[in-house]
Number of protein chains: 2
Amino acid sequence: MQHGHDMLFRALADPTRRAIFERLCRDGEQTVGALTAQAGVSQPAVSKHLGILKLAGLVRDRQSGRQTHYHAERAALAPLADWTGRMTGFWESRFDELEDLLTRMDQ
Amino acid sequence: MQHGHDMLFRALADPTRRAIFERLCRDGEQTVGALTAQAGVSQPAVSKHLGILKLAGLVRDRQSGRQTHYHAERAALAPLADWTGRMTGFWESRFDELEDLLTRMDQ
DNA sequence: CCTACTGATAACCGATCGGTTATCGGTTCG
DNA sequence: CGAACCGATAACCGATCGGTTATCAGTAGG
């Protein structure tokens, strides 16, 4: 039902996009060029994926000269963890803790 | 990259489908008719959604006379919880516990 | 300045998706 | 049996998606 939830699930549904996000989580901040080099698709495709991830709140970008650096916004995964927790029907307090932690990590 | 992961994320990306799964998690086993009554789409649409959820391992069905009863397969969410945990980079042992528990819940 | 580089946008294309209506197979009941 | 019911399948349609190539704006450097 939640529109925010929707964009989150939708953004992570595509394997190429998920791979980009995983890379940003693993290796930290990356330029568009660096991401393109390993994405297996063209630079405009990568830019579009990054735009979608950004709309979902999963990444944020920082301009520096003519390069754009993107980094993962891990806190955006909190609703996903929360949803999973609610579906399993257990761990509620446990996942709430996680959500709080992730929110605090975002400053 | 993982094909199983892919079907899981993909299956949960659609809001109608996710609502059906949520209902099965909340209220337990339901017939196709009962699910259709609240899905807001036609019966064939519901059947297709159930087919996709089934392929992703998220639901299982049980035949009884001329009715088909579907129920959520909560254990199928374990890879999702695991992935989230790996992306956050913490909680690894914690999520492994969850995965184990969910797997055991599946008998 | 002019050229080269980086990344975003535009325009377009085929494939897939989610939905519909129509229909069919299987089951129950009068 | 025959009629009614339940759910799956088929055939189709418009919209959206993920990809491409071409191009544009902004920045850096000779």
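In what follows, every chain begins at residue 1, and chains take the letters A, B, ... in the order their sequences are listed. Side chains included, hydrogens not; waters and symmetry mates left out as well; all remaining heavy atoms used.
Residue B/Ile52 contributes atom CD1, which lies 7 Å from atom P of C/dC17 at whole-angstrom precision. One can place CZ of A/Arg62 at 18 Å from C1' of C/dA8, the figure rounded to the nearest angstrom. Counting to the nearest Å, the P atom of C/dC17 and the CZ atom of B/Arg17 are 9 Å from each other. Summarising the geometry, the separation between CG on A/Leu53 and P on C/dA8 is reported as 12 Å, rounded to the nearest angstrom. As rounded to whole Å, 10 Å separates atom P of D/dA28 from atom CD of A/Gln63. Here C/dT9 presents its P atom at 8 Å from NZ of A/Lys54, a figure rounded to the nearest Å. In this entry the distance linking OH of B/Tyr70 with P of D/dC6 reads 16 Å, nearest Å. At whole-Å resolution of the value, CE in B/Met7 and P in C/dT16 are 16 Å apart.
Using a 4.0 Å heavy-atom criterion, one finds that A/Thr68 contacts the sugar-phosphate atoms exclusively. Residue B/Ser47 is classed as a base contact, given a heavy-atom separation below 4.0 Å to a base. Across all strands shown, A/Thr36 has no heavy atoms under 4.0 Å from either base or sugar-phosphate atoms.
Using a cut-off of 4.0 Å between Lys/Arg side-chain N and Asp/Glu carboxylate O, B/Glu29 and B/Arg62 are scored as salt-bridged.
The closest side-chain heavy-atom distance from A/Val32 to A/Leu50 is below 4.5 Å. Within the 4.5 Å cutoff, side-chain heavy atoms of A/Trp83 are placed close to those of B/Leu12.
Between A/Ser42 and B/Pro44, the residue whose closest nucleotide on DNA chain D is further toward the 5' end is B/Pro44. Annotation: of the two residues near DNA chain D, A/Arg66 and A/Lys48, the 5′-most nearest-nucleotide partner is A/Lys48.
Close to D/dC6, at under 4.0 Å from its OP1 or OP2, lies no side-chain N or O of B/Thr31.
Of the candidate nucleotides C/dA8, D/dC17, C/dT6, C/dT6 has the atom lying nearest to any side-chain atom of A/Gln67. Picking from D/dG7, C/dG19, C/dG7 the nucleotide with the shortest atom distance to the side chain of B/His49 gives C/dG19.
Across B/Asp14, B/Asp61, B/Ile20, a single residue satisfies side-chain contact (heavy atoms from CB on, under 4.5 Å) together with B/Leu53, and that is B/Ile20.
Both the sub-6.0 Å distance and the 45° axial angle are satisfied by B/Arg18 relative to the ring of A/Phe9.
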